[in-house]
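Counting convention: from 1, in listed order, for ligands and their atoms alike.
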Amino acid sequence: MKKHLLFLGPPGAGKGTQASLISELYDYLHLSTGELLRKEVEKQTTLGIQIKEIINSGKLVDDELVLEIVKQNLLLSKGGWILDGYPRNMSQADSLTKVLNELNQPLEKVFYLNVEEEILVKRLINRGRTDDNEKTIRIRLNIYKETTKPLIAYFQNLNVLEYIDGDRDLKIISDDIKQKMA
Ligand code: AMP
């Protein structure tokens, strides 16, 4: 059973939902950079206020800051983990590869959840987070296409990529993922 996993895909593809389901089932750590950043925002620290502005603009938070969050959490993890929403650009992917080498915990599978753009927009608008308004959604989708999508090829080269059709029933998707984790 694979235990070092990563979920890649556009905003609204269901990465968070699937990562929650799978991590609960196998008792893995669910490491969502979006969730961890939102937690920092809730604390209303100076850093939290800066992060909030970036999240609400739809742009990406500073690479170094996110790397620090990821490192700290991976260091605490003893068993399996699922990275959700990280990496989001080539520099983050390189940093992650380095950190995982140092920790001797190589990535075993990357699940690429794919969903068509217009379906994503509808899903996100219905979700209703503060960054789920149409303007911010379009910005996030463009950043995804320009900076995150190229990571599909990066992970393909590492021979860890699994394609998942994300436009299906939630349970069918998680069954598909479970099967591909074996
Ligand atoms: P998410 O919950 O994954 O949709 O992330 C929400 C927001 O948090 C994103 O739009 C970014 O502003 C920020 N964020 C999450 N993960 C990252 C990351 N890996 N790098 C930079 N910013 C991130």
Sidechain N-carboxylate O distance under 4.0 Å for Arg138, Glu134: yes

Any N or O of Lys59 closer than 3.5 Å to N or O of ligand 1: yes

Nitrogen or oxygen of Val61 less than 3.5 angstrom from that of ligand 1: yes

Pairwise side-chain contact, Asp175 with Lys178, heavy-atom cut-off 4.5 Å (strictly under): yes

Side-chain touch Val160/Leu6, heavy atoms, less than 4.5 angstrom: no

Atoms in ligand 1 with a heavy atom of Gly85 nearer than 4.0 Å: 16 (N), 17 (C), 18 (C), 19 (N)

Arg129-ligand 1 polar pair, N/O distance under 3.5 Å: yes

Nearest protein heavy atom with distance in Å, relative to atom 20 (N) of ligand 1: Gln92 NE2, 2.9 Å

Pair Glu116 + Lys122: basic N to acidic O under 4.0 Å: no

Test item: Leu151 and Met90 side chains (from C-beta on) under 4.5 Å apart, heavy atoms: yes

Option whose closest heavy atom lies nearest to atom 2 (O) of ligand 1, chosen from Glu35, Lys52, Arg38: Arg38

With sequence neighbours excluded, residues passing side chain to side chain donor-acceptor pair (under 3.5 Å) with Asp132: Arg127, Arg140

Sole candidate of Leu8, Leu31, Leu67 that passes side chain to side chain contact (heavy atoms under 4.5 Å, CB included) when paired with Tyr86: Leu67

Under 3.5 Å: N/O of Arg127 near N/O of ligand 1: no

Polar atom proximity, Thr33 to ligand 1 (N or O, under 3.5 Å): yes

Within reach of ligand 1, part of Val66 (heavy-atom separation under 4.0 Å): side chain

Residue, atom name and distance, where the atom is the protein heavy atom closest to atom 1 (P) of ligand 1: Arg88 NH2, 3.4 Å

Parallel, tilted or perpendicular, as decided by the 30° and 60° cut-offs, for the rings of Tyr112 and Tyr163: perpendicular

Closest candidate by heavy atom, reference atom 14 (N) of ligand 1, pool Val41, Thr148, Leu36, Leu37: Leu37

